[in-house]
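The next block holds one structure in the form of structure tokens; read it before the comments.
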Amino acid sequence: MSERFLVAGGARLDGEVHVAGAKNSVLKLMAAALLAEGTTTITNCPEILDVPLMAEVLRGLGCEVEVGGDLGVPPGDRPAGAPSELPAGTVRISVPTRLSSSADFAAVGKLRASVCVLGPLMGRCRSARVALPGGDAIGSRPLDMHQAGLRALGADMSIEHGAVVGSAQTLTGAHIVLEFPSVGATENIMMAAVLANGRTVIDNAAREPEIADLADMLVQMGARVEGGGTSTLTIDGVPELHPTEHRTVGDRMVAGTWAYAAAITRGTVTVRGVQPHLLSSPLERLAGAGASVTAEGGADIRDGAAGESFTVEMTGRPRGVDFITLPYPGFPTDLQPMAFALAAVAEGSSFVTENVFEARFRFVEELIRMGADVRTDGHFAAIQGREQLSSAPVWASDIRAGAGLVLAGLAADGQTEVNEVWHIDRGYPHFVEDLVALGAKVERVG
Ligand code: EPZ
């Protein structure tokens, strides 16, 4: 907890970086394994703190979980069961015939995303008790749409003693229209509906690539899901599913962070492991700021057939551009802090509108500590770019805010001290090592 990064400003990033699988997919893929008795293997898993934390939740439900590699977790903090003979980046989950449907409070308390076991437990066990994760640094994050969707399938859902509790005699397919294309609600409803009787249609579903990845894995397990990645999901329930092996889609948030780091430091970085069209909105913003952004072999970044790599080059000072966060395919809220860091050193002014989380400007205070010229009003922010920020001690409040502050530190004079970096470790595998390999002067201390 006391670790921090010392970030020296002024280096120009240059080189190649490889991006592993997506945090916001792998955690749901691990939960989906609960839907079938037997052993499921997930590959291309990121070596981040959240994976062993999710493994703890699944062990609490009766699974055996092997996690490959050392996951960048300090030996003392490694949960039981790691290290393993499995290659780094591979997770193997053995699911028993009889599962517990009550997720361990302590384990769930450490990992908000573990609420994604709710759908699989309702689908497989017709009952679930999962600690209510509550809000965090970016918003109140209620679960009303998750519950409403499961109720529509015939479940009794309630909040009792700090937990979301669900039970059902049977689950029956239904037509569900989401108030907002919530990622989590779409995933939980889909994972319950695959084992329900009859057809479920989810309209205004989330379209994130991680949803399409989960739908692909469910189909590999024998589910009947159509429309993964579109706003209408059609699921025909089946009596049972079987285990599978699945490769996690690349992490577009990590890839996007490297793209913005290249632009902020006026460098040239090739990012491997993610198809650029999954990032077309953030990359088009970068092009608007003056960067050259090219896909493998000079292909267009919007070309879905382009390979899994792209290059970002910024030769001069970035220009101010506006950002409006929206559900996919809009500009992702998780790259909003990177947009702020770019705008803070851009030529001219930029405007940021946050439409997904109501409290995601909290980290702006830390940027202002570094001399950024930012004014916020509700979910709008106006930023007047400065030639250079000034180094300062700052505190990460969540994964993305932490990464955004490191990027701001790369564009500041002097050495910035980023505290609470465990947040960053939760979402960015070997972040310091990759930064140093690209020419940055960054050190992990404490
Ligand atoms: C996922 O969170 C991601 N987390 C988030 O990434 C990401 O920011 C978010 O999707 C949006 O893209 C994981 O996948 C683990 P939502 P999730 O349900 O599922 C409101 C990161 O840094 N809402 O789409 O929680 C909610 O409060 C994290 O990697 C309800 O009101 O997001 C929010 O304002 C941060 N009621 C909005 O919808 C509900 O029942 C979007 O939430 C559900 C959601």
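Every value quoted in this text rests on a predicted model; they were computed, and no experiment measured them.
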Identify all side-chain donor-acceptor contacts of residues 371-388 below 3.5 Å with residues at least two apart in sequence or on another chain.
residue, atom, partner, partner atom, Å
H379, ND1, E354, O, 2.7
R386, NH1, G371, O, 2.6
E387, OE1, R317, NH1, 3.2

**Q.** Cationic N near anionic O, under 4.0 Å, R252 to E210
**A.** yes
Q: Answer yes or no: is there an ion pair linking R4 with E420, defined by an N-O contact shorter than 4.0 Å?
A: no
Q. Mind checking what makes side chain to side chain donor-acceptor pair (under 3.5 Å) contact with K23, not counting sequence neighbours?
A. none
(Q) Can you confirm whether E226 is buried at CD, in the sense that more than 12 heavy atoms of other residues, nucleotides or ligands lie under 6.0 Å from that atom? (A) no
Q.
Quick one, F5 with I424, criterion side-chain contact (heavy atoms from CB on, under 4.5 Å). Give me CA distance, side-chain angles, the key distance, then yes/no.
A. CA-CA 10 Å; F5 294 165; I424 301 174; 3.9 Å; yes
(Q) Over 60° means perpendicular and under 30° means parallel, so tell me whether Y260 and F323 are parallel, tilted or perpendicular. (A) tilted
Q: Could you tell me whether R266 and D14 have a side-chain N and a carboxylate O separated by less than 4.0 Å?
A: no
Side-chain donor-acceptor pairs under 3.5 Å in residues 429-443, sequence neighbours left out?
residue, atom, partner, partner atom, Å
H430, ND1, D434, OD2, 3.4

Q: Answer yes or no: does atom CD of E179 have more than 12 heavy-atom neighbours from other residues, nucleotides or ligands under 6.0 Å?
A: no
(Q) Set out, in order, the CA-CA distance, both residues' side-chain angles and the distance that settles side chain to side chain donor-acceptor pair (under 3.5 Å) for H146 and N188, then state yes or no. (A) CA-CA 7 Å; H146 300 236; N188 263 328; 3.0 Å; yes
Q: For atom NE2 of H161, decide whether the heavy atoms of other residues, nucleotides or ligands shown that lie under 6.0 angstrom number more than 12.
A: no
Q) Using a distance-only test with no angle check, is there a side-chain donor-acceptor pair under 3.5 angstrom linking E296 and S309? A) yes
Q) Where do H246 and D216 land on the side chain to side chain donor-acceptor pair (under 3.5 Å) test, with the steps shown first? A) CA-CA 9 Å; H246 183 83; D216 288 350; 5.9 Å; no
Q. Is it true that R112 and D50 have a side-chain N and a carboxylate O under 4.0 angstrom from each other?
A. no
